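Some notes on the structure that comes next.
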Amino acid sequence: MMCFSISPGEALSNLKDEDMISAFHLAWFLTANRLRWPSALLVRWGQFALQGAVFGAVIAQLVEGVPHFQIYYVVGLLAIAIYNAGMLAGSELLSDAQYGVEDYFLALPTSRRILYSGRILGAGLMGLLFVGPPALAVLVLAGQWNLPVALYLILLICGISAGLAGIGLAFAAAFRQYEAFLMASSFVDAFVIRLSAALYPLAAMPVLYAAVAVYNPVSHIAWLLQPLFDIASPEVSSLGSVLLIAWIIAALISGDLVFTYRLEGRRR
Amino acid sequence: MTFARQTSAIVRLDLFDFWRTRWVVAGFLSLHIADALIVLVVLDRLIPLDYIRFALPGVAASAVVLAALDQSRKVFWEFQARTHHYFRALPFKPTALVLARLIGAAVKAFTYAVGFVVPVAILGSMDLGRAIGTVGAIVFAGMGVGALGVAIGAVIREFGAWSATHSLLTLVLVTVSTAFYPPHVLEVVNPLLATAAMINPVSGVADILRWAFGPLGSTDVGAALIGPLLVLVALMVLGGWLYGLALARDR
């Protein structure tokens, strides 16, 4: 049932247990569907290992003024991977629309909001699968392993991936055409990732770039992760966490609104 | 139809297909433009060498490799959609088809990468003779790396395995090379990496660009090119042979 008259916050609180179960079922279906090529997981982990172990190690030999640059870089890669896991939800939506899977979902006796929640939860699960194992491996390699930190890390990965999926879904639902979305998201992702303080400290960036990086969600993810890996991060502040939470809430609300109103041509 | 016309017909087809697949071109452009405008500028402030001038040829070299390897996507989907039967049905010599695929990769690589070579030339010192040399090097590297892509596309028939191989190969070629760091630093991290980078075509293209537009001199680049040159010749032979074999077998 479509429910246009209530706000997303109200709708979320109105979800019943059976609705949540439906959303979890959908999340699991989407994840299992994505894993029909398990090699995708191995590629993600392999790319992460190669970039961290080779590019990170060699560039760390060249960089001056940033202590333990390799671990800084690797944690930045984790932050980027979390952002990518969230944004992947958008391309999944349009890919499903292209191959008719979304039509099947829309024909089910379930509300758009459940479909949206399922995709959000699915993104969290994907983040966990794609980023969780490498993140835990880095925690061990950095000598920072302990159970509460590991659990907190898992929670962060899952929560932020799911939260940022709202941006991906809003972006995808706004475009609706797969090729146009892929083109636009290539540019947006490339610039969002590089104009962040994930791969290099904010202090090293030119003023113009740093001004953008301060408000970039990828920077805030990196700053949130850095203390867990014992990286002294002068940028960490309560304001940063508030900004990241604001980003996630804005992402979820805009994703929900665009997803609900743009599907099947229901524009407002 | 002459051999040359048969070859050029397929080359044109590959070139137009590449530029028509706008999401692929957009993906490549976003990556290389963002690297050149942001990553190099920031790292230049952290690395005590003229890093933009050093690494910009690396961005151009990775552009050559990505565009040439895209031939893998073309060949893979042709076998999936079975449109290779169409090519087999044409009154074309099989050798023309194989050669066209390699030249097609080189032309794609050149037309895409030229936009990244121009800033390298602007920032460096211009020598017409050397600049012409870089055109030959890019075309040759495009053919060799394209042959590797063609081999992957022709041999692997499962999407997940193909996609994984293609992605990881691209990353290995760009990362284990001297595109973004000098060879002596690779040697410090791991001598094996330095050896692999010595024979990597990406290193070869980056070094040729540094030789043509500075800062490398002729003495630095001569011996360094023998390894990549031999690898490219081997890749062309292997890729051409495997593609020809796949076409002949899959009738």
Side-chain angles (χ1 to χ4, degrees), chain A residues 35-66 69-70 72 91 177-197 199-206 208-210 212-213, chain B residues 20-49 51 54-55 156 158-172 174-190 193-194 196-197:
Chain A
L35 290 179
R36 66 190 181 277
W37 293 300
S39 51
L41 260 185
L42 298 176
V43 170
R44 294 263 172 168
W45 297 344
Q47 284 175 333
F48 177 82
L50 198 64
Q51 278 185 286
V54 179
F55 192 87
V58 184
I59 284 289
Q61 296 287 327
L62 290 166
V63 165
E64 284 185 357
V66 185
F69 184 77
Q70 189 179 6
Y72 185 99
S91 89
Q177 208 263 332
Y178 194 34
E179 197 190 18
F181 167 79
L182 286 178
M183 287 164 63
S185 65
S186 301
F187 276 96
V188 170
D189 288 350
F191 281 86
V192 165
I193 286 167
R194 285 160 183 80
L195 276 177
S196 75
L199 300 179
Y200 17 72
L202 199 63
M205 299 175 86
L208 192 67
Y209 294 175
V212 179
Chain B
R20 258 202 310 263
T21 317
R22 290 176 301 172
W23 66 271
V24 170
V25 178
F28 290 172
L29 278 175
S30 59
L31 205 69
H32 294 125
I33 291 173
D35 275 347
L37 292 182
I38 304 167
V39 179
L40 299 195
V41 170
V42 179
L43 288 181
D44 187 57
R45 296 159 69 100
L46 287 170
I47 295 173
L49 62 105
Y51 193 69
F54 175 82
I156 303 173
E158 202 263 320
F159 176 75
W162 168 76
S163 173
T165 311
H166 185 259
S167 305
L168 285 177
L169 193 66
T170 307
L171 192 64
V172 168
V174 175
T175 309
V176 187
S177 73
T178 57
F180 297 104
Y181 15 74
H184 69 268
V185 187
L186 270 167
E187 187 81 43
V188 171
V189 173
N190 190 328
L193 286 176

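Everything numeric here is computed off the predicted structure, so don't read it as measured data.
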Checklist line | B/Phe54/B/Ile47 under side-chain contact (heavy atoms from CB on, under 4.5 Å): CA gap, chis, key distance, verdict | finding: CA-CA 11 Å; B/Phe54 175 82; B/Ile47 295 173; over 6 Å; no
Margin query: Heavy-atom pairs under 4.5 Å with chain B - which of A/Ile59, A/Ile193, A/Val188, A/Asp189 has more of them than the others?
Written below: A/Ile59
Notebook entry, point to check: Say you draw a straight line from CD of A/Gln61 to CG of B/Leu186; how long is it, rounded to the nearest 0.5 Å?
Noted result: 10.0 Å
Checklist line | Between A/Ala190, A/Ala204, A/Ala180, the one whose heavy-atom pairs under 4.5 Å with chain B are most numerous | finding: A/Ala204
Notebook entry, point to check: Does A/Ser39 reach the main-chain N or O of B/Gly160 with its side chain, forming a donor-acceptor pair under 3.5 Å?
Noted result: yes
Next item on the list: Counting only heavy atoms closer than 4.5 Å, note whether A/Phe55 contacts chain B via side chain, backbone, both or neither.
Entry: both
Notebook entry, point to check: Hey, is the main chain of B/Leu168 close enough, under 3.5 Å, to the side chain of A/Gln47 for a donor-acceptor pair?
Noted result: no
Checklist line | Which portion of B/Leu193 sits near chain A, non-hydrogen atoms under 4.5 angstrom | finding: side chain
Check: Side chain, backbone, both or neither: which part of B/Val174 has a non-hydrogen atom closer than 4.5 Å to chain A?
Finding: neither
Next item on the list: Spell out, as yes or no, whether a donor-acceptor pair under 3.5 Å connects the side chain of B/His166 to the backbone of B/Trp162.
Entry: no
Notebook entry, point to check: By a 4.5 Å heavy-atom criterion (distance strictly below it), what part of B/Arg45 contacts chain A: side chain, backbone, both, or neither?
Noted result: side chain
Check: Do A/Tyr200 and A/Arg194 have side chains that get closer than 4.5 Å, going by heavy atoms?
Finding: yes
Check: Under a 4.5 Å heavy-atom cut-off, does chain A meet the side chain of B/Asp35, its backbone, both or neither?
Finding: both
Notebook entry, point to check: Counting heavy-atom pairs under 4.5 Å to chain B, which of A/Val54, A/Leu42, A/Val66, A/Leu199 comes out on top?
Noted result: A/Val54
Margin query: Please rank B/Thr21, B/Val42, B/Val189 by heavy-atom pairs under 4.5 Å with chain A and give me the top one.
Written below: B/Val42
Notebook entry, point to check: So which part of B/Phe180 gets closer than 4.5 Å to some heavy atom of chain A, the side chain, the backbone, both or neither?
Noted result: both
Check: With a 4.5 Å limit on heavy-atom distance, are the side chains of A/Phe191 and A/Val212 in contact?
Finding: no
Check: Do the side chain of B/Ser163 and the main chain of B/Phe159 share a donor and acceptor less than 3.5 angstrom apart?
Finding: no
Check: Looking at A/Leu62, A/Leu182, A/Val43, which has the largest count of heavy-atom pairs under 4.5 Å with chain B?
Finding: A/Leu62
